S.K.: 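Supplied in structure tokens, the structure appears directly below.
Quick note on labels: first sequence line is chain A, next is B, and so on, each numbered from 1. This one's a predicted model, so the numbers in the text were calculated from it and none came from an experiment.
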There are 2 protein chains.
Amino acid sequence: MSANSRLTLAAHALAWIGLYQRQGHEVATSEQIATSANTNPVVIRRLLGELRRAGLVESRRGVGAGWSLARELGSMTLLDVYEAVEPGPLFAMHRTTPDQGCVVGYGIQPAMQGVYEGIEETLRHELARVTLENVLRDVLAAPR
Amino acid sequence: MSANSRLTLAAHALAWIGLYQRQGHEVATSEQIATSANTNPVVIRRLLGELRRAGLVESRRGVGAGWSLARELGSMTLLDVYEAVEPGPLFAMHRTTPDQGCVVGYGIQPAMQGVYEGIEETLRHELARVTLENVLRDVLAAPR
DNA sequence: CTCAGTCGTAACAGTTATAGTTGCAACTAG
DNA sequence: CTAGTTGCAACTATAACTGTTACGACTGAG
């Protein structure tokens with residue numbers, strides 16, 4: 001599995017914005033978040049843009065611009081974030097259609113499709129059990 | 001999630017070998033399996049090589065060479081296959097270490113690690129519930 | 001002992017997804 | 001008007017996987 005870090009990075013950004021707002025600030029800039037995540041501000045803006053399309057954050061432009069949460073962290077789950085930033089399915093079918101004249105080539109895709117759908121459903125259920133509030137709590141609970 | 005087709009292809013190969021052996025043949029060649037999967041024999045050999053290292057199949061060289069199952073399909077689960085062909089974790093951490101001087105940068109990785117471990121455990125449990133015998137049965141049950 | 005068929009594996013090109021970078025237009029509070 | 005920030009396009013870099021070619025290693029058959 002070629003894993004990617006999009007879900008991790010999105011959770012990082014949301015936790016950062018949430019904590020920053022609790023400290024009394026209105027908005028957080030992509031520059032600040034990028035510094036915390038040790039990456040480029042454009043990477044953060046792209047990712048937050050996807051979260052904005054999903055209704056999880058809002059952005060303001062102009063002077064004093066930046067990002068803020070559109071909802072409470074407690075009402076956002078990792079499933080919401082996952083759906084916002086992960087496009088495809090967990091497991092893929094063959095890149096080229098198998099030989100439809102072969103019994104196995106013909107039946108393998110429906111068979112695996114059934115298995116994969118069940119697994120993705122379970123994954124979604126697990127992701128939905130964790131709110132960003134839970135994540136932030138765990139972040140702050142890390143021993144120093 | 002950049003999904004890959006390695007698990008699908010490995011299940012295809014195992015189901016093909018299993019069915020072929022039930023039809024009375026001793027071994028299957030990478031050429032035959034590649035034709036069914038519509039890919040290159042080397043791709044199949046590489047993948048089956050990983051399954052051999054995991055003790056799921058055996059290979060013979062020389063004339064009349066090919067691949068055979070090392071165990072019954074009923075005693076092989078998708079988890080065995082998954083572990084044999086998928087190296088990394090499902091979700092990755094940041095590519096570069098976050099700012100350890102930031103509270104969120106410091107605590108985010110342990111927090112997400114905990115979440116991800118639970119999810120991977122659930123995934124493994126789901127994969128372990130499906131045997132290759134189940135897969136072959138579903139393959140043969142596909143309506144024509 | 002030779003031959004033919006197949007595996008084992010290295011090497012490289014092609015494809016795709018993600019991440020990183022630069023540059024600049026658009027927007028807006030002051 | 002100015003300065004700070006987002007929005008976004010374009011490009012490069014990196015990594016994983018797939019596809020392909022090539023060839024040595026092995027072994028049953030004759």
S.K.: When the distance from CG of A/Leu9 to P of C/dT18 is rounded to whole Å, what number comes out?
M.R.: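 In whole Å, C/dT18 P lies 13 Å from A/Leu9 CG.
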S.K.: Does C/dG20 have OP1 or OP2 sitting under 4.0 Å from an N or O in the side chain of A/Arg46?
M.R.: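 So the side-chain polar atoms of A/Arg46 never come under 4.0 Å of the phosphate oxygens OP1 or OP2 of C/dG20.
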S.K.: So, OP1 or OP2 of D/dT5: does either fall under 4.0 Å of a side-chain N or O from A/Ser59?
M.R.: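 The answer is no; no side-chain N or O of A/Ser59 sits under 4.0 Å from OP1 or OP2.
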S.K.: Please determine, for the side chain of B/Asn40, which listed nucleotide (D/dT21, C/dT18, C/dT21) has the closest atom?
M.R.: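 Nearest nucleotide to the side chain: D/dT21.
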S.K.: Go nucleotide by nucleotide along DNA chain C from the 5' end; which of B/Arg95 and B/Gly66 gets its closest nucleotide reached first?
M.R.: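 In this pair, the answer is B/Gly66.
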S.K.: Using a cut-off of strictly less than 4.0 Å, decide whether B/Arg6 has a side-chain nitrogen or oxygen near OP1 or OP2 of D/dT18.
M.R.: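 Answer is yes, contact under 4.0 Å.
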S.K.: Which value, rounded to the nearest 0.5 Å, describes the distance between A/Gln21 atom CD and A/His25 atom NE2?
M.R.: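 If I round to the nearest 0.5 Å, the distance is 10.5 Å.
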S.K.: Check the phosphate of D/dG28 against B/Arg61, side-chain N and O only, distance under 4.0 Å to OP1 or OP2. Yes or no?
M.R.: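 For D/dG28, neither OP1 nor OP2 has a side-chain N or O of B/Arg61 closer than 4.0 Å.
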S.K.: Hey, which sits more toward the 5' end of DNA chain C by its nearest nucleotide, A/Thr39 or A/Val63?
M.R.: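 Counting from the 5' end, the first nearest nucleotide belongs to A/Thr39.
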S.K.: What is the distance from CG of A/Leu47 to P of C/dG20, rounded to the nearest Å?
M.R.: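 Going from CG in A/Leu47 over to P in C/dG20 covers 11 Å.
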S.K.: Reading DNA chain D from 5' onward, which residue's closest nucleotide shows up sooner: A/Gly62 or A/Arg52?
M.R.: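 With A/Gly62 and A/Arg52 compared, the 5'-side residue is A/Gly62.
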S.K.: Given atom CZ of A/Arg60 and atom P of C/dC27, what is their separation to the nearest angstrom?
M.R.: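 From A/Arg60 CZ to C/dC27 P: 17 Å.
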S.K.: From the options C/dA19, C/dC7, D/dT21, select the nucleotide whose nearest atom is closest to the side chain of B/Thr29.
M.R.: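 So the nucleotide nearest the side chain must be C/dC7.
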S.K.: Nearest 0.5 angstrom please: B/Phe91 CZ to A/Ser5 OG, how far?
M.R.: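 Separation between the atoms: 11.5 Å.
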S.K.: Report yes or no: does A/Arg71 contribute a side-chain atom to a donor-acceptor pair with the main-chain N or O of A/Leu56 at less than 3.5 Å?
M.R.: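 Checking the backbone N and O of A/Leu56 against the side chain of A/Arg71, no donor-acceptor pair under 3.5 Å is found.
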S.K.: May I have the distance from A/Glu26 (atom CD) to C/dA29 (atom P), rounded to whole angstrom?
M.R.: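 Those two atoms, CD and P, are 12 Å apart.
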S.K.: How many whole angstroms separate atom CD1 of A/Ile33 from atom P of D/dT5?
M.R.: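 The answer, rounded to whole Å, is 12 Å.
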S.K.: Please report the interatomic distance OG1(B/Thr97) to CD(B/Gln109), rounded to the nearest 0.5 Å.
M.R.: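 So the gap between those two atoms works out to 6.5 Å.
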S.K.: Can you figure out which of C/dG8, C/dT21, D/dG19 approaches the side chain of B/Arg45 most closely?
M.R.: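 Of all the options, the side chain of B/Arg45 is nearest to C/dG8.
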S.K.: Would you mind reading off the distance between B/Glu86 atom CD and D/dC17 atom C1', rounded to a whole angstrom?
M.R.: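 About 11 Å, once rounded to whole Å.
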S.K.: B/Val42 side chain: which of D/dG24, D/dT20, D/dT6 is closest?
M.R.: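 From the listed options, D/dT20 comes nearest.
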